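Okay, so here's the structure we're looking at.
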Amino acid sequence: MDAEVRRLEEELQADLQKANTAEDIEALRVKYLGRKAVINQLFAKVPSLSGEEKGKWGKNLNLLKNKITSAIEEKIKGLGSAEDKIDLSFPAKKFDKGSTHIVSVVSQEICSVFEKLGFTVVEGTEIENEWHNFSALNIPLDHPSRDAFDTFYLDIPQKNAQNGKFLLRSHTSPSQARVMNIIKPPLAVVSPGRVYRPDQVDASHSFMFHQVEGFAISEDINFAQLKGVLLNFVRLFFAPDTDLRFRPHFFPFTEPSAEVDISCFICKGKKEKCSLCKGKGWIEILGCGMIHPKVLKNCNIDPKKYRGFAFGMGVERPAMLKYGINDIRLFYENDVKFLEQF
Ligand code: PHE
């Protein structure tokens, strides 16, 4: 009996050492505690032993059985903690990191150039009303931009009838009216944001796009300062040797008004077949002018005392020019392969 118990214990120790997986341990449990386990054969021998021996081996075998049970339990616990262990040296699973959308990047780039020139960033509201989007800006009631074909009107009851219907702003210029009513001059503000127009979507049009409005008001501001600010902007934003061209234009809210072109930074006006400027040498980027005295008056600023300049530009177009993007729709399709390039 002695020798058999010792052999059993030695074999158990050897098997425990070898067992590494949950299956190994289960096999061990069956072998040492199962119905056909050796220990059961030993128990079966106990009744045939002599009186004293019977008591001794009955007790010893029970102790042995408990020992086997706890050894196997220990092994199971050990295995569990080995599986839970984290290998800190193992290369981490790659996960996609988001980034700022290219339209936001460019909008922020534009604003930060103007911030360097002393402008403050103020956001307007996307849901506007007729007063701020049109009337305050001296846009007459019969102006085509007020037409439902050119503006998204909203079916929201208007409490203050004077403000006209609610709409999705069609440009960022209403920010001028909003700011002028709150901040008194001298002031210099840029106002970025989304604008909406019911345009047919194609490679260069979208029903929603982004603009940055800029304006400055003081007692002695003038057109030369407007030119200076814009020249500084295009040189900091596009390239240091960029030139500007002002073409006379009409906007109801500025007088005089101009459209502004930059010199083509790809061909510098030298290539007839330039893919960007088509040989013209100039690319249109914004509209500007001196704020119309009626606009100042509408916004409670004395036009006899103050003057201002204003300009408005898109964000997508400069972004397309600067980063060589040829289709405006790419900005809105949320294709990660496109977005992650910036
Ligand atoms: N709001 C004009 C547009 O959307 C741009 C502009 C702004 C022109 C300010 C002059 C002054 O086309």
Side-chain angles (χ1 to χ4, degrees), residues 103 107 110-111 114 117 119 121-126 128-140 143-147 149-152 167-180 187-199 204-217 221-223 225-231 233-234 244-262 283-296 298-299 301 303 306-319 328:
V103 168
S107 176
I110 295 172
C111 290
F114 286 107
L117 301 174
F119 285 72
V121 180
V122 178
E123 284 189 28
T125 57
E126 284 175 43
E128 261 302 354
N129 50 44
E130 287 182 275
W131 169 256
H132 290 95
N133 199 78
F134 300 122
S135 313
L137 298 170
N138 195 36
I139 299 177
H143 194 275
S145 66
R146 291 205 187 220
D147 200 281
F149 291 111
D150 287 301
T151 299
F152 286 110
L167 48 83
L168 293 176
R169 67 175 171 191
S170 55
H171 52 174
T172 41
S173 300
S175 292
Q176 290 187 37
R178 296 242 164 225
V179 168
M180 282 184 222
L187 58 84
V189 166
V190 275
S191 188
R194 287 191 193 98
V195 301
Y196 302 81
R197 292 179 194 175
D199 279 337
S204 51
H205 293 88
S206 163
F207 54 84
M208 183 282 300
F209 57 101
H210 298 72
Q211 284 189 333
V212 175
E213 190 80 9
F215 50 100
I217 301 171
I221 220 152
N222 58 45
F223 203 92
Q225 287 165 348
L226 167 64
K227 280 186 113 169
V229 163
L230 293 178
L231 189 61
F233 164 69
V234 296
L244 280 190
R245 178 172 82 168
F246 283 65
R247 278 180 292 105
H249 196 73
F250 172 79
F251 295 108
F253 32 91
T254 46
E255 182 58 36
S257 306
E259 271 188 339
V260 177
D261 303 335
I262 53 166
I283 309 156
E284 185 197 321
I285 56 152
L286 57 86
C288 68
M290 298 304 291
I291 299 176
H292 198 294
K294 279 193 188 156
V295 175
L296 295 175
N298 286 340
C299 302
I301 289 180
Y306 292 105
R307 327 142 143 256
F309 66 65
F311 54 85
M313 70 183 88
V315 174
E316 282 81 348
R317 204 168 138 71
I328 199 170

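Both ligands and their constituent atoms are indexed starting at 1 by order of listing. In this text, all values refer to a predicted model and were calculated from it rather than measured experimentally.
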**OP:** With heavy atoms only and a cut-off of under 4.0 Å, state how E213 meets ligand 1: side chain, backbone, both or neither.
**Re:** side chain

**OP:** State if M290 counts as touching ligand 1 under the rule of any non-hydrogen atom under 4.0 Å.
**Re:** no

Subject >> Polar contact flag for T254 and ligand 1 (N/O pairs, less than 3.5 Å) >> reply: no

Subject >> N or O contact, S173 vs ligand 1, cut-off under 3.5 Å >> reply: yes

Subject >> Sidechain N-carboxylate O distance under 4.0 Å for E130, R146 >> reply: yes

Original post:
For ligand 1, is there an atom lying under 4.0 Å from some heavy atom of F253?
Top reply: yes

**OP:** Take every heavy atom of Q211, measure it against each atom of ligand 1, and state whether any distance is under 4.0 Å.
**Re:** yes

Original post:
With a 4.5 Å limit on heavy-atom distance, are the side chains of E213 and F311 in contact?
Top reply: no

Original post:
Given side chains that start at C-beta, do those of V212 and C111 come closer than 4.5 Å, heavy atoms only?
Top reply: yes

Original post:
Charged N to carboxylate O below 4.0 Å: is that the case for D261 and R247?
Top reply: yes

Original post:
Does some side-chain heavy atom of H132 sit less than 4.5 Å from a side-chain heavy atom of R169?
Top reply: no

Original post:
Which bit of R197 is near ligand 1, meaning a heavy atom under 4.0 Å away: side chain, backbone, both or neither?
Top reply: side chain

Original post:
Will you find, in the side chains of N133 and S170, an N or O donor that is under 3.5 Å from an N or O acceptor?
Top reply: yes

Original post:
For ligand 1, is any non-hydrogen atom under 4.0 Å from S170's backbone (N, CA, C, O), its side chain (CB onward), both, or neither?
Top reply: neither

